[in-house]
Q: 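Here's a structure for you.
Proteins come first, then strands; the chains are lettered A, B, ... in the order of their sequence lines, and each starts at number 1. Computed from a predicted model, the values in this text were never measured in an experiment.
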2 protein chains.
Amino acid sequence: MSTQAPAPTRREQILKEAARLFAERGFHGVGVDEIGAAVGISGPGLYRHFPGKEAMLAELLVGISGRLLTGGKQRAAEASGQERDPGAVLDSLVRGHIDFALDDRPLIILHDRELDRLRDTDRKLVRSLQRQYVELWVQVVREVHPRLAEPEARACVHAVFGLLNSTPHLSRPGALPGRAATAELLHRLALGAFRAAADGSGQ
Amino acid sequence: MSTQAPAPTRREQILKEAARLFAERGFHGVGVDEIGAAVGISGPGLYRHFPGKEAMLAELLVGISGRLLTGGKQRAAEASGQERDPGAVLDSLVRGHIDFALDDRPLIILHDRELDRLRDTDRKLVRSLQRQYVELWVQVVREVHPRLAEPEARACVHAVFGLLNSTPHLSRPGALPGRAATAELLHRLALGAFRAAADGSGQ
DNA sequence: CAGCGGCGTTAGTGGTCGTTAACCTGGTGG
DNA sequence: CCACCAGGTTAACGACCACTAACGCCGCTG
């Protein structure tokens, strides 16, 4: 890869540590002094980089929602030469989401846990990005499984997100098989769930 | 049914409202005055019923973990006449968990979100109950799908919990099909996920 | 070399929150 | 009728916390 960790800026350090702490103890459970200490500066020094504690959370949530969406759009687009194969697109979406869940565990946790701590305007933005991401999935799922009506497809997508996002919640990471095996397992679980939902009431 | 809502005691009112508020805004995000106001008394009056705010959370989490476990044990036991059918047991476990997730949404949310706000002793108790519940599922899943090794089965169970617990997270309940339809859909998703995981790498 | 702006620091400050203290009140049993 | 107790009340206290103020250091740039 050409991107070789180009010396993380202070802002990025702060965001990374804030994400970890917020995920561990909750937004209200972490003080600014702790965040500062985690990057080697203390307390109010953070205000040289962010206008406030909530701004950090907002940037984290907008960031991850945006990256999920753009990643999803990209995968949906690049797999669509003429004669696009919907199954391959869904496959790619699932794999991309799994990579996210396994590599950015704190962000995935924050993403559906601390959304309500945002100001109205930020929360609306994040929700909009999340909604677009869901709709992207719904569309692809319905191409692969045309028997699924739209509300059912949307419910399935939400449920599968719950499935894919479940791994970060495990306290000790050692409880899982290796990363590759876990990814493969989640992949099978997700696709199997969609297929079972689409196979109608007759099993 | 013979149980016809036998006049909820004050303690029960408090627990119910506290569960709702904790689920909405997080343990640290809710003040004791709000909890009091939600049941018509104000602030410190709660201390006639609980030794502190954390005791409410502890009772909620121990309560739900315990009820999940005893419910699961019961279902596993009653389905096991001689010639027990593992598929039916798993079916029953899934249905029972879905009922819980759909009927006690706040508790399900708290259950995997605010565990870390407990004192050591309470947290250990809850974790122990959760672990037993997981192991119960793992055992049944491996009877139904013997090809699954134990670590994989455990990972699958965690993931399916994530799937089943995903519905409470949806902000507006109106986004789903009716309760029965949602339950049926979740049931198919869960069993389909297990089956797909067990069907090995060949799809 | 002067000055200035980025990036810290420490010392407050106002507000919130969990908890305790002290007091009140209506029903109940001796 | 009186004592008591369960279950409230309001007032206050101490800790904590996000944020601001005032100041200091240091590497640029002109």
Q: Determine whether B:D116 and B:R127 satisfy the following criterion, salt bridge (charged side-chain N to carboxylate O under 4.0 Å, His left out), listing intermediate values before the conclusion.
A: CA-CA 10 Å; B:D116 297 322; B:R127 269 212 229 277; 3.8 Å; yes
Q: For the side chain of A:R10, starting at C-beta, report the closest nucleotide among D:dC19, C:dG18, C:dG8.
A: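 Nearest listed nucleotide: C:dG8.
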Q: Between B:F50 and B:R11, is there a cation-pi geometry (under 6.0 Å to ring centre, at most 45° from the normal)?
A: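 The answer is yes, since B:R11 meets both limits relative to B:F50.
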Q: In this structure, how many angstroms lie between the P atom of C:dC7 and the CD atom of A:Q13, rounded?
A: 12 Å
Q: Which nucleotide, D:dT9, C:dG8, C:dG18, lies nearest any side-chain atom of B:R48?
A: D:dT9
Q: Checking all strands, does A:G52 fall into the base, sugar-phosphate, or nothing category for heavy-atom contacts under 4.0 angstrom?
A: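 Since only primed, P, OP1 and OP2 atoms lie under 4.0 Å of A:G52, the category is sugar-phosphate.
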Q: Nearest 0.5 Å please: distance from the CG atom of A:L186 over to the CG atom of A:L164.
A: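 The distance works out to 6.0 Å.
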Q: Whole angstrom is fine here: how far is it from OH in B:Y47 over to P in C:dT19?
A: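 Answer to the nearest Å: 3 Å.
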Q: Rounded to the nearest Å, what distance is computed from the CZ atom of residue A:R117 to the C1' atom of nucleotide D:dA18?
A: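 The answer, rounded to whole Å, is 17 Å.
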Q: Find which nucleotide of DNA chain D each of B:G45 and A:E54 is nearest to by heavy atoms, and output the residue with the more 5' nucleotide.
A: B:G45
Q: Atom CD1 of A:I35 to atom C1' of D:dC17: distance rounded to whole Å?
A: 12 Å
Q: Using whole Å, report how far CE of B:M56 lies from P of C:dT19.
A: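 After rounding, the reported distance stands at 8 Å.
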Q: Please give, in whole Å, the distance from D:dA18 P to A:H49 NE2?
A: 17 Å
Q: Output the rounded distance in Å from CD1 (B:I41) to C1' (C:dG26).
A: 17 Å
Q: Hey, does B:V39 reach any base, or is it just sugar-phosphate, or nothing, if we go heavy atoms under 4.0 Å?
A: nothing
Q: Would you say the side chain of B:H97 lies within less than 4.5 Å of the side chain of B:L68, judging by non-hydrogen atoms?
A: yes
Q: Would you mind telling me which of D:dA18, D:dA11, C:dG18 lies closest to the side-chain atoms of B:K53?
A: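 Of the options given, the side chain of B:K53 lies nearest C:dG18.
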Q: Judged by atom type as modelled, is there a donor-acceptor pair below 3.5 Å linking the side chain of B:K73 to the main-chain atoms of B:L136?
A: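 No; judged by distance alone, with no hydrogens or angles, the pair does not exist.
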Q: Rounded to the nearest Å, what distance is computed from the CG atom of residue B:L46 to the C1' atom of nucleotide D:dA6?
A: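 The answer, rounded to whole Å, is 15 Å.
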